[in-house]
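To start, the structure itself, in structure tokens.
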Amino acid sequence: MLHEQWDKLDQVIRKAKETIPETPVWEESGTVLSVDNGIALVKGLANVKNQELVEFSKGTMGMVFNLDEHLIGVMLLGEYKHIQAGEQVKRTHKVAEIGVSHDLLGRVISPLGIPLDGLSLPIEVKKRLAIEQESPPIMHRAPVFEPLHTGLKVIDSVVPIGRGQRELILGDRQTGKTAIALDTIINQKNEDVICIYCAIGKRISSITKILQDLKEHDALSYTIVMLAGAEEAPGISYIAPYAATSVAEFFMHEGKDVLVVYDDLTRHARSYREISLLLERPPGREAYPGDIFYIHSRLLERATHLKEEYGGGSITALPIVETQAENLSAFIPTNLISITDGQIYLSPKLFQKGHLPAVSIGTSVSRVGGKTQLPAYREITSALKLSYAQFEELEAFASFGSRLDEATRKVLDHGQRVRQILNQPQYQPMEVTEQMGVLLAVVSGSFASVSLEKLEEAENIVRRLVREDDDLRKILLQGMKLTPEWKDDFLKRVQELFKKELADS
Ligand SMILES: Nc1ncnc2c1ncn2[C@@H]1O[C@H](COP(=O)(O)OP(=O)(O)O)[C@@H](O)[C@H]1O
Ligand SMILES: [Mg+2]
């Protein structure tokens, strides 16, 4: 009897011995002192590095953010309600990473790569990329020369965007910023562009609507949605845009063109401010910490167009910023205006008047995109911006009710038609050759005889004319200039169609 028990004990000991590694594993751990608002203060971990991931109980991760003499400030990246003072924290010797692969297309993920769409499909990880990457050196960068069409007439004509450009979308709340970004994503359906929509600090209800819109317009198959919800720890919002950019870089290095929308960086800046204040970093202007400019510039510097020998792909960045009471000179908007290659400003006044998209033509610029515009398109719209500004000035005068001479009347009539043509409903991006046809007709005055009520009908006639004429489309898409004879011929055909189909106007 005793013998048997002895044997059993011997077996147990042998087994236990097998599981003990030959060399002892070195593990460094510290102790949690306090947890609050997504920040943990930790003691110990003498050798931990800045930005290193540390592991709390139940697998919750945190990123080391502050290294003081005796205390370590950790930004928590997940559920933290269960973390208690006194428990252990372990080093991981790793920085924050995200798993990337082609499986991500069509999925909704968290900034740490965890699927959030409830699909049981696994995401097979091909590579793990650190969320913070150095931006490509100047020598690896190629000029931006290919256009990225948004499908919105007002943007593609006067503030064109190129692949590899960074264009800021800014405006007050509810002015159509997200709508422009979504339309741009929807317009990439046949353009071979991979889209990433990074939602930062949004409420679940608005995220659900955005996902539904993307799905309804068949845009999910080439889109990755990254979510950092408003109810999550501020650390999640803080890392989201960097993680989204790492995913974009994976595709860019494969030679793909990628579009990344950051919606929005105001919330990103606020999360960072929250973390910094909790960690008692000194506040500066508007209580933002001193390195707020750097966190955005190092993010947007990663958007670029690579030279062919380095992959040839591109990342186009559309950061969104929310202004308050149209104050463009607040801290975060001015920072971002100076970092990006131009801005699209949405005016609440235009929005109220129903001029949608509410792009303020005078305040919006694109410093790189002009070179990428199709030559024929550039020719058609070269005078548009200036003549539109003149029209707006005249209109302001005319509203005083004075009697107008014939010439002024004409300018106003023309301007109204241009403005109405530049309006566009949501979810209806327009193909670029159709845009060119319509804008050529309007700037040449073909719509002068059409009443404002019939304008939409007339526009559809021109669109159809372009759509059904392959030769015409070829000419518009090619890099050549439009000859006067060609233009006359086109406008004559437009007039004939108007005569036939808009008979009673
Ligand atoms: N071109 C448009 N035509 C019609 N409605 C639009 C257009 N652009 C935006 N909207 C509507 O305006 C509202 C605000 O747009 P949204 O993009 O959410 O604003 P923001 O992101 O600036 O807060 C939404 O209800 C949206 O559907
Ligand atoms: Mg929005």
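Just follow the structure's listing: the first ligand is 1, and inside any ligand the first atom is 1. We're numbering straight along the sequence, starting at 1.
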Subject >> Under 3.5 Å side-chain donor-acceptor pair for Tyr377 and Gln435 >> reply: yes
Subject >> Minimum side-chain heavy-atom gap Leu455-Arg417 below 4.5 Å >> reply: yes
**OP:** Among all protein heavy atoms, pick the one closest to atom 13 (C) of ligand 1 and tell me residue, atom and distance.
**Re:** Gln174 OE1, 3.7 Å
Original post:
Hey, does Phe351 come in under 3.5 Å of ligand 1, counting only N/O atoms on both sides?
Top reply: no
Original post:
Does a donor on one side chain and an acceptor on the other come within less than 3.5 Å for Thr245 and Tyr262?
Top reply: yes
Subject >> Heavy-atom side-chain contact between Val225 and Leu220 under 4.5 Å >> reply: yes
**OP:** Among all protein heavy atoms, pick the one closest to atom 4 (C) of ligand 1 and tell me residue, atom and distance.
**Re:** Leu356 CD1, 3.6 Å
Subject >> N or O pair under 3.5 Å between Ala179 and ligand 1 >> reply: yes
Original post:
Under 4.0 Å from any heavy atom of Thr178, which atoms of ligand 1 are there?
Top reply: 17 (O), 21 (O)
**OP:** Check whether any side-chain heavy atom of Ser237 lies under 4.5 Å from a side-chain heavy atom of Glu232, and answer yes or no.
**Re:** no
Subject >> Beyond-backbone contact of Leu148 with Asp257, side-chain heavy atoms, under 4.5 angstrom >> reply: no
Original post:
Do the rings of Phe65 and Tyr272 sit parallel, tilted or perpendicular, given the 30° and 60° boundaries?
Top reply: perpendicular
Original post:
What atoms in ligand 1 come closer than 4.0 Å to a heavy atom of Thr175?
Top reply: 19 (O), 20 (P), 22 (O)
Original post:
When Lys153 is tested against each of Glu459, Glu434, Glu431 for salt bridge (Lys or Arg N to Asp or Glu O under 4.0 Å), which residue passes?
Top reply: Glu459
Original post:
For atom 25 (O) of ligand 1, is some protein heavy-atom partner under 4.0 Å away?
Top reply: no
Original post:
Under the 3.5 angstrom rule, does the side chain of Ser387 hit a backbone N or O of Ala383 as a donor-acceptor pair?
Top reply: yes
**OP:** Report yes if the side chains of His296 and Ile332 come closer than 4.5 Å at any heavy-atom pair, otherwise no.
**Re:** yes
**OP:** Show your working on ring pair (Phe, Tyr, Trp, His ring centres under 6.0 Å) between His102 and Phe251 and close with a plain yes or no.
**Re:** CA-CA 8 Å; His102 287 258; Phe251 289 103; 5.4 Å; yes
Original post:
Taking only protein atoms, how many N, O or S atoms are found under 2.8 Å from the Mg ion (ligand 2)?
Top reply: 1
Original post:
Would you say Gln426 has any N or O atom under 3.5 Å from an N or O of ligand 1, going by distance alone?
Top reply: yes
**OP:** Considering only non-hydrogen protein atoms, determine which one is nearest to atom 19 (O) of ligand 1 and report residue, atom name and distance to 0.1 Å.
**Re:** Gly176 N, 3.0 Å
Original post:
For ligand 1, which part of Gln424 has a heavy atom less than 4.0 Å away: the side chain, the backbone, both, or neither?
Top reply: backbone
